[in-house]
Amino acid sequence: MKKYLITFMLMIGLISSLFSQINNSEIMKTSNAQSGNYTYATVPTQFVEANGIKIAYRSYGKEGDIPVIYFNHLTANLDNCDPRIMDAIAAHRQIISFDYRGVGSSTGKQGTSIPDMAKDAIAFIHALGYKQVDVVAFSMGGFITQELLLVEPQLVRKVILAGTGPRGGQGVSDVVGLTYKDIFKGLFTFRDPKFYLFFTQNKIGKDAARDFLKRLKERTENRDKKVKISVLKSQLKAIAAWGHDQPADLSVFKLPVFIANGDNDRMVPTPNSYDMAKRFPNAQIKIYDNSCHGGIFQYHEEFVKSALTFLNK
C-alpha cells in the first residue's frame, strides 16, 4: 500500500507541474518593462486588466506600432516560451507573451472553450492599446488565434501558425489521450512530458529535447506560478470539443500566413499543416525534417530567420 501511495503522490506532483517550471520567487510587477536591455530571462512580468481579469504578460524588444504577440501551448505559463525564439525576435520587434485566463499568474477561472480564450486574447490586446498586431502561435495557441480571426480579423496583420491545425482537423481531438499517455511515461522515466510530446525519440530528437528543456530553466528569478491540474483538465476538454467541431472557412482570411511544423508531429498530426496551407489563400509552409510537434524549437535558428523575414517584409 505504501508503494502505491508514493507512486500516486509522484503522479500528482508531475501532473501539477506539467509544462510549467518551478516558481522561485514572487512575480515582479512593473510599468516600465520596455526600457532597459532585457532578455527573456530577465524581463519583468506586468499585469493588465482585461475582460474582468488580471492578465500577466512580459513585453520587451524593439518597440514599434505593431508588436508580435506570442500565443502559447496547452498548460503553458510565461516560463514555457523558448528564450532563443523570444530573444531573437525581440532584437528586431517588440514581442509580448501572456498567461491565459486562470493560468500562471493571470486571475480568473480557466476558460472552458477555445472561443472563450480567443475573446480574452482580444480583450488583452485592446487593453494594451494596440489596434493591430502580428501573431506567432504554437499548438493550442494556433487554435485560439484562428478563433480570434473569426471574431476580429482586422486585428491581426500577419500570423505564424506552428505545430497546430484547423478546427475539426485530423487527430486534433486525440490530443487528450496522447497527453495523458506521455504524462505517465514522464512519470515513470522521471522526465518532463514535453520530452516525449514535442520531440522525436531518436538521438537527434532527444538531444534537441534536452537542449530545449534546459533553455526553459534559464530564468532563475521572478518565475511564473505553477499551472494547476484543473487547467490541464479544462484545456484538454476545450481542445477535444474544438477538435470535434465543424471546420471553419479559412478561405475568407486574406492575411499572410506562415505555417511551420515538424514532419512527424504526433500531437497535431502534420497533415493538418498541409491542410491549412491549402485553405488559407495567402499561405506559405515550412516542414522541418526529422522533427515532431516542437519542430520550431528543434530548428529554432532556422525558424527565427524565416519568421523574421516573413514578419518584417
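Note that these values count all heavy atoms, side chains included, but never hydrogens, waters or copies made by symmetry. Everything numeric in this text was worked out from a predicted model, so none of it was measured.
- Aromatic pair His73/Phe198: centroids less than 6.0 angstrom apart.
- For Gly205 against Gln298, the heavy-atom pair with the smallest separation is CA-OE1, 4.3 Å.
- The residues Arg210 and Asp207 are annotated as salt-bridged, a charged nitrogen and a carboxylate oxygen being separated by less than 4.0 angstrom.
- No chain of hydrophobic side-chain contacts below 4.5 Å, direct or via other Ile, Leu, Val, Met, Phe, Trp or Tyr residues, connects Ile66 to Ile69.
- For Phe138 and Phe71, the gap between ring centers reaches or exceeds 6.0 Å.
- In this structure, Arg58 is positioned above the aromatic face of Tyr40, its NZ or CZ under 6.0 Å from the six-membered ring centre and within 45° of the axis.
- In this structure, Lys206 is not positioned above the aromatic face of Phe195 in the sense of NZ or CZ being under 6.0 Å from the six-membered ring centre and within 45° of the axis.
- The only option from Arg266, Lys194, Arg191 that meets the side-chain hydrogen bond (donor to acceptor under 3.5 Å, both in side chains) definition with Asp182 turns out to be Arg266.
- Ile204 and Ile296 sit in two unconnected hydrophobic clusters of ILVMFWY residues. Membership requires side-chain heavy atoms under 4.5 Å apart, directly or through other members.
- A salt bridge is absent between Asp249 and Arg279; no separation between the charged side-chain nitrogens and carboxylate oxygens falls under 4.0 Å.
- With values rounded to the nearest 0.5 angstrom, Tyr130 atom OH is found 9.5 Å from Asp65 atom CG.
- No side-chain heavy atom of Asp263 sits less than 4.5 Å from a side-chain heavy atom of Tyr288.
- Side-chain contact between Pro166 and Gln146 is present, with at least one heavy-atom pair separated by less than 4.5 Å.
- Only one option out of Phe47, Phe124, Tyr57 pairs with Phe98 in a ring pair (Phe, Tyr, Trp, His ring centres under 6.0 Å); it is Phe124.
- Between the side chain of Ser105 and the main chain of Ala56, no donor-acceptor pair closer than 3.5 Å is present.
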